[in-house]
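As the structure lists them, so they are numbered: ligands from 1, and atoms in each ligand from 1.
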Amino acid sequence: MAQEKVAVVGLGYVGIPLCALLADKGFDVVGIDIVRERSETVGAGRLPFKGEEPGLAELLAKAVKRGRLRTATSFEACRDRTAIFVCVDTPLDADKRPDNSKLEAAVRGIGKNMGKGALVVIESTVAPGTMTGIVARTLEQESGLELNKGFRLVHCPERVMPGRLLYNLRNYDRVIGGSDAVAVKRASAIYSRIMKGKLHPTDLVTAEIVKTAENAYRDVQIAFANEVALISEKLGADAFEVRRLVNTTPFRDMHMPGAGVGGHCLPKDPWLLVHGGRDAGPRLIPAARAVNDSMPFHVLDLVSEVLSEIDVRLEDAVVAVMGASFLQDTGDIRNSPSIPVIASLSAAKELRVHDPYLEEIEGVRTTPDVKKALSGADLAIFMVAHKDYSKLTPGQLKKLMRTPAVVDGRNLFSADKMTRAGVVYTGVGKRAILSCKAPAKAR
Ligand SMILES: NC(=O)c1ccc[n+]([C@@H]2O[C@H](COP(=O)([O-])OP(=O)(O)OC[C@H]3O[C@@H](n4cnc5c(N)ncnc54)[C@H](O)[C@@H]3O)[C@@H](O)[C@H]2O)c1
């Protein structure tokens, strides 16, 4: 078959690297996004988000400059395309059920415009049952074509993560679920041009279950680590030492506990699996979600304990929340555990938020300057492991801060070193407050 002419629908964290790599490997690519500003930014060769994404800005700019990637806002751009990739966001509604409105809108737009013989590849994560129940049906209705006769369908769920978009796309194995063998063969021919990982062929529903299960599995593992952290705190042990020792047993891989789980995928994909598998009555996955959702509120409990230890009321405290995004060194704020923490601390005398990759969160303007955020603060709450924090020493914290007290949500510091330096210190999975009983500097 002649080289496929490609469209990529949805120009976000998933769609942009896909466009850039396809164009780099010689495909003629049209990127489609309904948000005009986004379409224009990407069409001008610029990334619409901040964060450390090695190689991506350069690859995107090159693709546009060479004329291999252009963008549009209308699905009419699909008319001459032979392979159409869908990378739109697939969020949950308020009842934690899949909100497929964006996916359905995209698929309707494609169905109305695609030509006979088109291959449609859904990269977005979907609840099991969506590919045949919604996507295939909508494409058939809108196009008047029949699945596997007039068009073919593939689900190739994405495995990228912010901070490693290009690396994961190039190197990770992918699962390719097809409506038939021809669909898998055509999609594999395209993917094998842009990636080095293995391609694992399967059917549509298996691919849907694999993607949602791989993220639900991680979420459950993190919830387990968080539960052990809560138990360790109550019993006066350090959960990170517990974890180290647990993992000396063969076949154990206890995860890291922390201040919460965020991002577009991990808090959502377990619910997609629960929704698709609701007839089986899943119980473990919702329980894990509840544990992980509770962690930012546990951080707030630790904040209250520390404030009482240093004898400062929230209304009199200068509080610095260190990190707003959900993941270190990215500007991705979606479902960030910092959001409920910041929202609950609005009564502080002064609430500062440090983040080098975001300008605002919950109506609070951030500062990109670590020292400015900490200077004169009574309490620092470390929510994210941004690389700037690894350079901070207990001595510096002591010197910069007014009281000084720390709640560590990401195991960034050693409790011993903190207390030796005179910092009141606790954190997720840490022993109960380790106080140096340092007298507060004049308020
Ligand atoms: N972000 C990740 O790391 C990641 C990893 C693996 C899988 N995924 C999955 O990939 C999908 C996309 O995620 P993302 O992070 O790239 O989302 P995103 O929000 O960054 O990007 C989605 C883009 O789609 C556009 N869009 C929405 N509806 C549209 C429509 N009807 N037509 C055209 N464009 C439309 C939006 O304007 C946006 O620019 C989701 O299903 C997500 O679960 C994401």
Q.
Which of the numbered atoms in ligand 1 are under 4.0 angstrom from any heavy atom belonging to V35?
A. 37 (O)

Q. Where on C87 is there a heavy atom closer than 4.0 Å to ligand 1, on the side chain, on the backbone, on both, or on neither?
A. backbone

Q. Do R164 and E53 sit within salt-bridge range, that is, some charged N less than 4.0 Å from a carboxylate O?
A. no

Q. Under a 4.0 Å heavy-atom limit, does R38 contact ligand 1 with its side chain, its backbone, both, or neither?
A. side chain

Q.
With a heavy-atom distance limit of 4.0 Å, tell me whether R164 approaches ligand 1 through its side chain, its backbone, both, or neither.
A. neither

Q. Nearest to atom 33 (C) of ligand 1 by heavy atom, L18, V160, I34: which?
A. I34

Q: Counting heavy atoms only, name the option from N215, V9, I32, D89 that's nearest to atom 22 (C) of ligand 1.
A: D89

Q) Does E359 come within less than 4.0 Å of K50, counting only side-chain N to carboxylate O? A) yes

Q. Side chain or backbone of T90 under 4.0 Å from ligand 1, or both, or neither, by non-hydrogen atoms?
A. both

Q) Is E360 salt-bridged to R365, going by a charged N under 4.0 Å from an acidic O? A) no

Q: Give the numbers and elements of all ligand 1 atoms closer than 4.0 Å to a heavy atom of A105.
A: 31 (N)

Q) Looking only at distance, does R334 have an N or O less than 3.5 Å from an N or O of ligand 1? A) yes

Q) Just distances here: any N/O of D332 and N/O of ligand 1 closer than 3.5 Å? A) no

Q.
Between R186 and E4 (salt bridge meaning N to carboxylate O under 4.0 Å), is one present in this structure?
A. yes

Q: Heavy-atom contacts with K211 under 4.0 Å: which atoms of ligand 1 show up? List them by number with element.
A: 6 (C)

Q: Identify the two heavy atoms, one from G31 and one from L69, that lie closest to each other, and give their separation to 0.1 Å.
A: N-CD1, 4.0 Å

Q. Could a heavy atom of F49 be found less than 4.0 Å from some atom of ligand 1?
A. no

Q) Where does E104 meet ligand 1, judged by heavy-atom distances below 4.0 Å: at the side chain, the backbone, both, or neither? A) neither

Q.
Given L139, which partner from the list I84, V107, L145 fulfils the side chain to side chain contact (heavy atoms under 4.5 Å, CB included) test?
A. V107

Q: For M161, take its heavy atoms, then give the atoms of ligand 1 lying under 4.0 Å from any of them.
A: 3 (O)

Q | Residue, atom name and distance, where the atom is the protein heavy atom closest to atom 2 (C) of ligand 1 | A | C265 SG, 4.0 Å

(Q) Aromatic contact between H386 and Y357, with the criterion being ring centroids under 6.0 Å apart: yes or no? (A) yes

Q: Ignoring angles and geometry beyond distance, decide whether E158 reaches within less than 3.5 Å of ligand 1 through its nitrogen or oxygen atoms.
A: no

Q: Could you tell me whether E158 and K211 make a salt bridge, using a distance below 4.0 angstrom between a side-chain N and a carboxylate O?
A: no

Q. Does a donor on one side chain and an acceptor on the other come within less than 3.5 Å for S304 and D301?
A. no

Q | Any donor-acceptor pair under 3.5 Å from D408 side chain to F413 backbone | A | yes

Q: Look only at the side chain of T249 and the backbone of R252, and say whether a donor-acceptor pair between them is shorter than 3.5 Å.
A: no

Q. Would one find an N or O of E123, backbone or side chain, under 3.5 Å from an N or O of ligand 1?
A. no

Q | V14, V86, V88, L266: member with heavy atom nearest to atom 40 (C) of ligand 1 | A | V88

